[in-house]
2 protein chains.
Amino acid sequence: MTMQAKGPTRGRKSEASRAQILDAAARLLRDQGYGAMTLRQIAERADIKAGSVYYHFASKDEILDAVLARGLHVVIEAVEGRLAALPAGAGHLERIAAAVAAHLEALLAHGDYTSAGIRTFGQVPEASRQKDERLREEYIALWQHLLQQAQAAGEIRADLDTSVLRALLLGSLNWTVEWYDPARQPVETVATQTVDILFRGIAAPPMDARAKPGAR
Amino acid sequence: MTMQAKGPTRGRKSEASRAQILDAAARLLRDQGYGAMTLRQIAERADIKAGSVYYHFASKDEILDAVLARGLHVVIEAVEGRLAALPAGAGHLERIAAAVAAHLEALLAHGDYTSAGIRTFGQVPEASRQKDERLREEYIALWQHLLQQAQAAGEIRADLDTSVLRALLLGSLNWTVEWYDPARQPVETVATQTVDILFRGIAAPPMDARAKPGAR
DNA sequence: CAATTTACCTAACTAACGTTAGATTGAAAA
DNA sequence: TTTTCAATCTAACGTTAGTTAGGTAAATTG
């Protein structure tokens, strides 16, 4: 009577299997897409038989939903956490730089889940897509505010359309899952260069501005 | 005897059906991914029966290859054509701007084919992926040269890693297929803004630089 | 120890897949 | 008119998909 009624008692073994199933599904989803990912493949990688998957999940779609939700959550929490940890007096550009770094780091650290979501969003059944649409919209709104406030404060140029800017920026960030190779450079380097290009642009400064060094 | 031996005579009807099959396949590939795209769906949209598809293509993979190749070709040819049409004395930044615009315009004008390739590259069978890998590599090399020469000429900053820059740039361009809405703004506007942000960055110029107007 | 429950397996079902062989149609060629 | 052939259909083949029902070993509970 000490234990409350909260459904079947799931032990540590179950959690481990569940994790293995999700890991396998995330990888397969990333590499093959939703339609080509089979429960038998998932089961094989999780070291169980296909039928046993249904002890942990009610359907293939439920596995999909879990993978997508985790890929989204991990990035959102990283960015929100990083922003919250910033000193109160942080400038707007500083906040944007922190958000870029956090987004990139979370994205590439949990590559299978995040890139599964990025690649297959748009190819997934309507029902699954709508499930975390609100979360996704909130995340987009977060970036939108970040940019708008920076613009209102005069820290980014007034002539930019922040909607287009946000889309371009998030695009270049999300696309890193397609080319980033941890053996070539640490994530931090990519983040630093991205912010640098984003803030200052790629064009070399004109001659007369180049003479005075160390403006920073 | 007036006709040479060159296999079965394919008429206009056949070409029309072939085009319908490819259009349907491109859209389905984009929306569902390779594994979920079925020949019966393709056939239905092309207004024929599933078995008849095999009169035009030997296999599902062959359809896939045709869609992917077309998506790639259309972009490459647009960019190379635009660059070739540039006056001989065009500056490096001017060349980059032209390439960005051409890439974006081709990408978004042939949305189904290009975004099918972008979304499903990496989820497609090895054999199909390798088929136009050389073309893809050549296209990447084109951009790499474009950026490197601009850097060598001193038109883009010397402290940038052109490999990372190229990846980030192509990422933000390719991602436009996920968010671009022709009802909101013309492609040219997006291209212009992308180039503007790319060259000058988003940060507002410092106060002392803002006084002198019309530096261009 | 007996009873229960967890976590899995086995074996099967139906549905749908890519693919194929053999008719069938309609228009052009002879 | 007869022949021919491009273009399609019909009907099926073997395979594999997601899913389910019923069984089982091991651990937990009483």
Side-chain angles (χ1 to χ4, degrees), chain A residues 1-25 28-29 31-67 120 123-125 127-128, chain B residues 1-25 28-29 31-67 120 123-125 127-128:
Chain A
M1 282 267 183
T2 63
M3 187 169 280
Q4 285 177 304
K6 53 169 180 177
T9 307
R10 301 243 129 119
R12 276 151 219 108
K13 183 83 184 300
S14 179
E15 269 182 39
S17 286
R18 204 188 135 94
Q20 276 185 301
I21 291 173
L22 285 182
D23 284 354
L28 287 167
L29 190 63
D31 290 345
Q32 309 184 346
Y34 176 64
M37 171 181 80
T38 75
L39 285 174
R40 286 169 174 83
Q41 286 177 315
I42 295 176
E44 194 184 9
R45 298 202 184 193
D47 260 318
I48 55 177
K49 294 297 158 64
S52 308
V53 173
Y54 284 80
Y55 180 77
H56 302 276
F57 295 92
S59 68
K60 185 184 174 185
D61 280 24
E62 202 173 271
I63 303 177
L64 171 72
D65 293 346
V67 170
T120 58
Q123 297 183 340
V124 124
S128 297
Chain B
M1 279 268 184
T2 62
M3 186 169 281
Q4 286 175 305
K6 54 168 177 177
T9 307
R10 300 243 132 118
R12 277 153 218 107
K13 184 85 183 296
S14 179
E15 268 181 38
S17 287
R18 204 187 135 95
Q20 276 185 300
I21 292 172
L22 285 182
D23 284 354
L28 286 167
L29 191 63
D31 289 345
Q32 309 185 347
Y34 176 64
M37 171 181 80
T38 76
L39 285 174
R40 286 171 173 83
Q41 285 178 316
I42 295 175
E44 194 185 8
R45 298 201 183 195
D47 260 316
I48 55 178
K49 294 297 156 64
S52 308
V53 174
Y54 284 81
Y55 180 76
H56 303 276
F57 296 92
S59 68
K60 184 184 175 184
D61 281 25
E62 203 173 88
I63 302 177
L64 171 73
D65 292 347
V67 170
T120 58
Q123 297 183 342
V124 124
S128 297

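Lettering of chains follows the sequences in order, A, B, ..., and the numbering in each one begins at 1. In what follows, every heavy atom counts, from backbone to side chain, and hydrogens, waters and symmetry copies are set aside.
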C:dT6, D:dT8, C:dC9: which one has an atom nearest the side-chain heavy atoms of A:Ile48? C:dC9
Separation of A:Leu39 atom CG from C:dA15 atom P, in whole Å? 19 Å
According to a strict under-4.0 Å criterion, is B:Ser17 in side-chain N/O contact with OP1 or OP2 of D:dT8? yes
Of the options C:dC9, D:dT19, D:dA7, whose atoms approach the side-chain atoms of B:Tyr55 most closely? D:dA7
Expressed as a whole number of angstroms, how long is the span from A:His56:NE2 to C:dC9:C1'? 12 Å
Of B:Thr38 and A:Lys49, whose nearest nucleotide on DNA chain C comes first from the 5' end? A:Lys49
Separation of A:Phe57 atom CZ from C:dC8 atom P, in whole Å? 12 Å
Heavy-atom closest pair (A:Ala66 atom, A:Phe57 atom, distance to 0.1 Å) is CB-CE2, 4.3 Å
Interatomic distance where CD1 belongs to A:Ile42 and C1' belongs to D:dT16 [whole Å]: 15 Å
Test: A:Lys60 cationic atom under 6.0 Å from A:Tyr34 six-membered ring centre, within 45° of axis: yes
B:Met37 CE - C:dA16 C1' separation (whole Å): 16 Å
Figure out the CG/P separation between A:Leu28 and D:dG18, and round it to whole Å. 11 Å
Please check the phosphate of D:dA17 (OP1 and OP2 only) for any side-chain N or O of A:Lys60 closer than 4.0 Å. no
If we ignore hydrogens and angles and just use 3.5 Å, is the side chain of A:Gln41 paired with the main-chain N or O of A:Thr38 as donor and acceptor? yes
Within this structure, what is the CD1-to-C1' distance between B:Ile63 and C:dT19, rounded to whole angstrom? 12 Å
Quick one: does any side-chain atom of B:Glu62 pair with a main-chain N or O of B:Ala58 as donor and acceptor, under 3.5 Å? yes
Answer yes or no: does a side-chain N or O of A:Tyr54 lie under 4.0 Å from OP1 or OP2 of D:dT19? yes
Could you pull out the closest heavy-atom pair between A:Ala24 and A:Ile42, with the gap in Å? CB-O, 3.9 Å
What's B:Ser52 touching, base or sugar-phosphate or nothing? Going by heavy atoms closer than 4.0 Å. base
So if I take every side-chain heavy atom of B:Arg40 and compare against D:dA17, D:dT20, C:dC17, which nucleotide ends up nearest? C:dC17
